[in-house]
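Structure first, then comments.
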Protein chains: 2
Amino acid sequence: MVLPGGAHSGVSQLRRGILQFCVLALLRDGEKYAFELVRELCDAHDLATSEGTIYPLLSRLRKEGWVSTAWQESETGPPRRYYTLTASGRTALSDFAREWGTFKSTVDKLLDQ
Amino acid sequence: MVLPGGAHSGVSQLRRGILQFCVLALLRDGEKYAFELVRELCDAHDLATSEGTIYPLLSRLRKEGWVSTAWQESETGPPRRYYTLTASGRTALSDFAREWGTFKSTVDKLLDQ
DNA sequence: GGCAGGTACCTTGTAGCGCATGGTACTTCC
DNA sequence: GGAAGTACCATGCGCTACAAGGTACCTGCC
């Protein structure tokens, strides 16, 4: 999938450390598989992402114990690995939401004044 | 200078691509030198930074042409290299402020809902 | 049958940036 | 003259987003 913005544009750097929590947020409402997550992140403009980003990211989330996975057959293609938010993943998400809030206001204060 | 949070904590990743524009923002009101910038960023909580971060960062800003520099003698210590925001630096800063606004609202939409 | 295209998974290598660490040099104070 | 503070800088590492490429399954078309 070809994306606008280039490899290491400014926006790309912004995603660092945030993208994983956006994925966790998308998983709050139920299990999803990787391809589906890529599409949803592309729909949410400014978060357009490729598979090369998502798969390693999901692998890290699994290692952290923030998601659990289960294979399911698909009627329209190859089998899918579905990701589900765990309890500790939910905690990590709400912890990050707090951090994000304070960080955001710090940056806003600097930029806006 | 020893900082809390560790080398590669979550907050550290958040700063990526943002820190340089916070520095530009600090330079809006007049020239400053590196050590001064470190102190001001430390005062602004959540942006505590060390010299090992600032000096390469300022070097990049200079290469981009976003800041210009001039040496000035100090009466209380070694000479200081003062950094001044250029016209293109000012443009880059306001461009980023727009990007930051849309990015912020995108993330907020995902996290808050 | 065979081939193109879509779906879905994954790996490998690269690059950038923040950070830890360490080094140099000047000044002040004890 | 030694310690502490100020001020500069360089080197090496680790994390993460991305590009590029690879495998396998299914459908539809010729």
Side-chain angles (χ1 to χ4, degrees), chain A residues 1-23 31-42 46-64 69-83 103, chain B residues 1-23 31-42 46-64 69-83 103:
Chain A
M1 185 178 297
V2 181
L3 295 170
H8 299 103
S9 65
V11 187
S12 163
Q13 291 294 327
L14 279 184
R15 296 184 191 137
R16 287 231 163 201
I18 299 191
L19 205 55
Q20 53 183 323
F21 294 104
C22 292
V23 167
E31 59 179 11
K32 293 196 164 77
Y33 61 100
F35 228 68
E36 196 179 357
L37 287 166
V38 171
R39 273 195 299 255
E40 292 195 14
L41 288 171
C42 283
D46 283 341
L47 286 175
T49 313
S50 73
E51 304 166 47
T53 300
I54 282 295
Y55 285 105
L57 187 154
L58 287 169
S59 170
R60 289 195 301 269
L61 295 183
R62 203 167 13 140
K63 265 181 211 148
E64 289 283 339
T69 67
W71 285 97
Q72 286 184 31
E73 305 246 349
S74 162
E75 293 180 356
T76 63
R80 298 165 176 169
R81 195 207 280 270
Y82 278 86
Y83 295 81
F103 177 76
Chain B
M1 186 178 296
V2 181
L3 296 170
H8 300 102
S9 64
V11 188
S12 163
Q13 291 294 328
L14 279 184
R15 294 184 191 138
R16 287 228 164 204
I18 299 190
L19 207 53
Q20 52 184 325
F21 294 103
C22 292
V23 168
E31 59 179 11
K32 291 196 166 78
Y33 61 100
F35 227 69
E36 195 179 357
L37 287 165
V38 170
R39 273 195 297 253
E40 292 195 14
L41 289 170
C42 281
D46 283 340
L47 286 176
T49 314
S50 73
E51 304 167 48
T53 301
I54 283 294
Y55 285 105
L57 187 155
L58 287 170
S59 169
R60 290 194 302 271
L61 295 183
R62 204 166 16 140
K63 265 182 210 146
E64 290 282 340
T69 67
W71 285 95
Q72 285 183 31
E73 305 247 348
S74 164
E75 295 179 356
T76 63
R80 299 164 176 169
R81 196 208 280 271
Y82 277 86
Y83 295 82
F103 178 77

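Rounded to whole Å, the distance from CD1 on A/Ile18 to P on D/dA17 is 10 Å. What separates CD of B/Glu75 from C1' of C/dT28 is a distance of 14 Å, to the nearest Å. Per the geometry, CG belonging to A/Leu57 stands 17 Å off C1' belonging to C/dT12, to the nearest Å. Between the CZ atom of B/Phe21 and the C1' atom of C/dG18 there is a distance of 15 Å, given to the nearest Å. Atom-to-atom, CD of B/Gln13 to C1' of D/dT16 comes out at 6 Å; the value is rounded to the nearest Å. Atom-to-atom, CD of A/Gln72 to P of D/dC25 comes out at 19 Å; the value is rounded to the nearest Å. Counting to the nearest Å, the C1' atom of D/dC18 and the CG atom of A/Leu58 are 15 Å from each other. When the C1' atom of C/dG18 is taken as reference, atom CG of B/Leu14 falls 12 Å away, rounded to whole Å.
Remark: A/Ser12 OG to A/Leu19 CG distance equals 9.5 Å, nearest 0.5 Å. B/Leu14 contributes atom CG, which lies 14.5 Å from atom CZ of A/Arg15 (distance to the nearest 0.5 angstrom).
Side-chain nitrogen and oxygen atoms of A/Arg60 include at least one within less than 4.0 Å of the OP1 or OP2 phosphate oxygen of D/dA17. A sub-4.0 Å separation between OP1 or OP2 of D/dA17 and a side-chain N or O of A/Ser12 is absent.
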Could you pull out the protein-nucleic contacts involving nucleotides 5-11 of chain C (nitrogen or oxygen on both sides, under 3.5 Å)?
{"residue": "C/dA8", "atom": "OP1", "partner": "A/Tyr33", "partner atom": "OH", "Å": "3.2"}
{"residue": "C/dA8", "atom": "OP1", "partner": "A/Arg80", "partner atom": "NE", "Å": "2.6"}
{"residue": "C/dA8", "atom": "OP1", "partner": "A/Arg80", "partner atom": "NH2", "Å": "2.2"}
{"residue": "C/dA8", "atom": "OP2", "partner": "A/Tyr33", "partner atom": "OH", "Å": "3.1"}
{"residue": "C/dC9", "atom": "OP1", "partner": "A/Arg81", "partner atom": "N", "Å": "3.2"}
{"residue": "C/dC9", "atom": "OP2", "partner": "A/Phe35", "partner atom": "N", "Å": "2.9"}
{"residue": "C/dC9", "atom": "OP2", "partner": "A/Tyr55", "partner atom": "OH", "Å": "2.8"}
{"residue": "C/dC9", "atom": "O5'", "partner": "A/Tyr55", "partner atom": "OH", "Å": "3.1"}
{"residue": "C/dC9", "atom": "N4", "partner": "A/Glu51", "partner atom": "OE1", "Å": "2.7"}
{"residue": "C/dC10", "atom": "OP1", "partner": "A/Arg81", "partner atom": "NE", "Å": "2.8"}
{"residue": "C/dC10", "atom": "OP1", "partner": "A/Arg81", "partner atom": "NH2", "Å": "2.7"}

Which atom pairs, donor and acceptor, lie under 3.5 Å between side-chain atoms of residues 53-63 of chain B and protein residues at least two apart or in another chain?
none

Just distance, no hydrogens or angles: give the donor-acceptor pairs under 3.5 Å from side chains in residues 72-82 of chain B, sequence neighbours left out.
{"residue": "B/Gln72", "atom": "NE2", "partner": "B/Glu31", "partner atom": "OE2", "Å": "3.0"}
{"residue": "B/Ser74", "atom": "OG", "partner": "B/Thr76", "partner atom": "N", "Å": "3.1"}
{"residue": "B/Ser74", "atom": "OG", "partner": "B/Thr76", "partner atom": "OG1", "Å": "3.3"}
{"residue": "B/Ser74", "atom": "OG", "partner": "B/Gly77", "partner atom": "N", "Å": "3.4"}
{"residue": "B/Arg80", "atom": "NH1", "partner": "B/Tyr82", "partner atom": "OH", "Å": "3.2"}
{"residue": "B/Arg80", "atom": "NH2", "partner": "B/Tyr33", "partner atom": "OH", "Å": "3.4"}
{"residue": "B/Arg81", "atom": "NH1", "partner": "B/Thr69", "partner atom": "OG1", "Å": "3.4"}

Worked verdict on A/Glu40 versus A/Lys32 for side chain to side chain contact (heavy atoms under 4.5 Å, CB included): CA-CA 10 Å; A/Glu40 292 195 14; A/Lys32 293 196 164 77; 2.8 Å; yes
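Taking A/Tyr83 as the reference, nothing meets the ring pair (Phe, Tyr, Trp, His ring centres under 6.0 Å) condition, with sequence neighbours excluded.
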